[in-house]
Amino acid sequence: MTQPLRIATWNINSLRLRLPLLAGLVEALDPDIICLQETKVPDELFPHGALPELGYPHNVHAGMKGYNGVAILSRRPLTHITTAPDWCEKGDRRHIAAEVQTPSGPITIHNFYVPAGGDVPDRVANVKFAHKLDFVAEATAWFRAHPPVRSVLVGDLNIAPLEHDVWSHRQLLDIVSHTPVETEGLLAWQAAGFVDAVRKFVPADEKLYTWWSYRNRDWRASNRGRRLDHIWTTPDLDPVGHMVLTEARDWQQTSDHVPVCVTLAI
DNA sequence: ATGGTCGACAATCGA
C-alpha cells in the first residue's frame, strides 16, 4: 500500500499577502499538491523563496498584475502541461495544468479560476456574465474533444451547481453563481469526463459551502455560504477522503474562500 | 431594496 496523494485547492486572494497562511493549510491538510487561484502576482514577482522551506520545492504558475493568476505547488516534481488553449483568447491567467508521477501512473491536474461574472445575470446587459458562460462552454467543448484520463480538475469555478451548494436555493436562483444557465453549464462541463469528488463524501442533500462573503458581519452566524470551489476527478481515479477547511475562514486576514482537499489512493 | 468588505494599486475596478 503506497502513500496516498492529497490535492488541495484554495482561492488565496493574493499569494503575497497571505503567504504566511499557507503554513496553516499545510499543517491542517498535509497536501502533496496545492492549487491556488487569484494569486494576483506577475510571474516575475512569484515568491519562489518561501515555498521550498514550506515543503513545496516544485511549482508551475501563470500570473499577471493585479488580477487572476493560478499556481500549482508540489512536493513532487511537476511537468507543466501546455496543451489547453488560451480560454476566450484573453490571456488572463485563469488556468494552469501539470502532470505528476505516481506509482500507479501519471496524473494530470487542471487548476481553474472561472470568471466571477459580475452582478447582472444577463449575457446581453453584462459582458462579464457573457465571458463566464463562454468560458464554461469553451472548456466543456475542449474536454469533450480531449477526453480526460487519470485527471483531477480543481479550482474556484465560481458556480454552486447543486441546491444545497447555497444557503438558499430559492433566493439565489437569480443571483450570479447559482442561476440555471450557470449550474446547467457547469454540470455539462463536469459530464465531459469528471465526477464531483467531494460530493462522493458529502451527500447532495447536505449543505456544503466553501465561500462566505467578506460583507457579512459574522460569517458563521449568518452562514450565507456557497460552494464555489470544487475538486473533480475522472472515474479511473480513486478518491478515498476529503476535507473542507472551514476553520480557515476565521484565520487572521484570511481569504473569503476556504481550502478544499481530496485524498486519492495511488 | 440596499449596502455591506476586501485586495491591488494608486482612482477605481473586480470580487
Side-chain angles (χ1 to χ4, degrees), chain A residues 9-22 24-25 35-47 50 61-71 87-95 111-123 125-136 154-161 165-168 170-179 181-183 185-186 209-230 245-260:
Chain A
T9 179
W10 192 26
N11 179 323
I12 195 169
N13 187 12
S14 176
L15 173 57
R16 285 175 291 178
L17 183 68
R18 297 191 222 287
L19 200 51
L21 298 187
L22 279 177
L25 185 159
C35 298
L36 301 172
Q37 304 86 37
E38 284 203 88
T39 55
K40 297 184 176 178
V41 60
D43 288 329
E44 61 271 23
L45 296 177
F46 190 84
H61 50 83
M64 61 188 287
K65 183 177 179 178
Y67 307 102
N68 309 330
V70 285
W87 310 98
C88 301
E89 295 184 330
K90 286 183 169 288
D92 59 358
R93 306 300 192 266
R94 294 180 179 276
H95 172 243
N111 178 15
F112 277 95
Y113 174 52
V114 171
D119 290 330
V120 180
D122 179 330
R123 73 148 57 239
N126 173 10
V127 294
K128 293 180 196 170
F129 194 69
H131 178 211
K132 182 178 197 174
L133 297 182
D134 291 346
F135 189 105
V136 170
V154 313
D156 176 4
L157 306 185
N158 265 316
I159 297 171
D165 291 339
V166 295
W167 62 277
S168 169
R170 185 180 58 80
Q171 288 180 253
L172 270 71
L173 274 172
D174 197 35
I175 301 297
V176 172
S177 73
H178 194 62
T179 65
V181 66
E182 292 171 88
T183 59
L186 192 75
Y209 315 135
T210 65
W211 173 89
W212 292 261
S213 172
Y214 281 128
R215 298 179 188 180
N216 289 318
R217 187 174 303 260
D218 183 336
W219 70 274
R220 199 186 282 277
S222 58
N223 200 23
R224 295 187 167 192
R226 306 177 199 172
R227 187 170 72 112
L228 304 179
D229 304 274
H230 300 274
L245 196 61
T246 307
E247 69 193 55
R249 191 60 182 77
D250 272 331
W251 290 346
Q252 287 294 313
Q253 198 175 36
T254 196
S255 170
D256 45 356
H257 296 251
V258 299
V260 180

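To find a chain, count down the sequence lines: A is the first, B the second, and so on, and within it residues start at 1. Predicted model, so just to flag it, every value in this text is computed and none were measured.
A cation-pi arrangement, defined by a distance under 6.0 Å to the six-membered ring centre and an angle within 45 degrees of its axis, is present between A:R224 and A:W167.
Spacing between B:dA10 and B:dG14 at atom P, rounded to whole Å, works out to 14 Å. Spacing of C1' atoms, B:dC13 relative to B:dA1, comes out at 24 Å, to the nearest Å.
Taking the ring centroids of A:Y214 and A:W219, they lie at or beyond the 6.0 Å cut-off.
At whole-Å resolution of the value, OH in A:Y67 and C1' in B:dA15 are 11 Å apart. One interatomic measurement links the two molecules: NZ of A:K90 to P of B:dG14, which rounds to 11 Å at whole-angstrom precision. In this structure, CG of A:N68 is placed 7 Å from P of B:dA15, rounded to the nearest angstrom. Put simply, CD on A:Q252 is 16 Å from C1' on B:dT5, counting in whole angstrom units. Rounding to whole angstrom units, CG of residue A:N11 and P of B:dC6 are separated by 16 Å. Rounded to an integer number of Å, the gap from CD1 of A:I175 to P of B:dG4 is 17 Å. Look at CH2 on A:W212: it is 17 Å from C1' on B:dA15, rounded to the nearest Å. In this structure, the CD1 atom of A:I12 is 18 Å from the P atom of B:dA15, given to the nearest Å.
At B:dT5, none of the side-chain N or O atoms of A:R217 fall inside 4.0 Å of OP1 or OP2 (strictly under the cut-off). Dashed line: the shortest gap from a side-chain N or O of A:K40 to OP1 or OP2 of B:dC13 is not under 4.0 Å. Checking the phosphate oxygens (OP1, OP2) of B:dG14, a side-chain nitrogen or oxygen of A:K128 falls inside 4.0 Å.
Using the six-membered ring where Trp is involved, A:W10 and A:W251 have ring planes that are perpendicular, over 60° apart on the 30 and 60° scheme.
For B:dA8, the base has no donor-acceptor partner in the side chain of A:R16 [N/O atoms by modelled type, under 3.5 angstrom].
Partner of A:Q37 under the side chain to side chain donor-acceptor pair (under 3.5 Å) criterion, chosen from A:N68, A:N11, A:N13, A:N111: A:N111.
Minimum interatomic distance between A:N158 and A:V114 (heavy atoms only, all atoms of both residues): ND2-O, 2.8 Å.
In the set B:dG7, B:dA10, B:dA15, the nucleotide with an atom closest to the side chain of A:Y113 is B:dA15.
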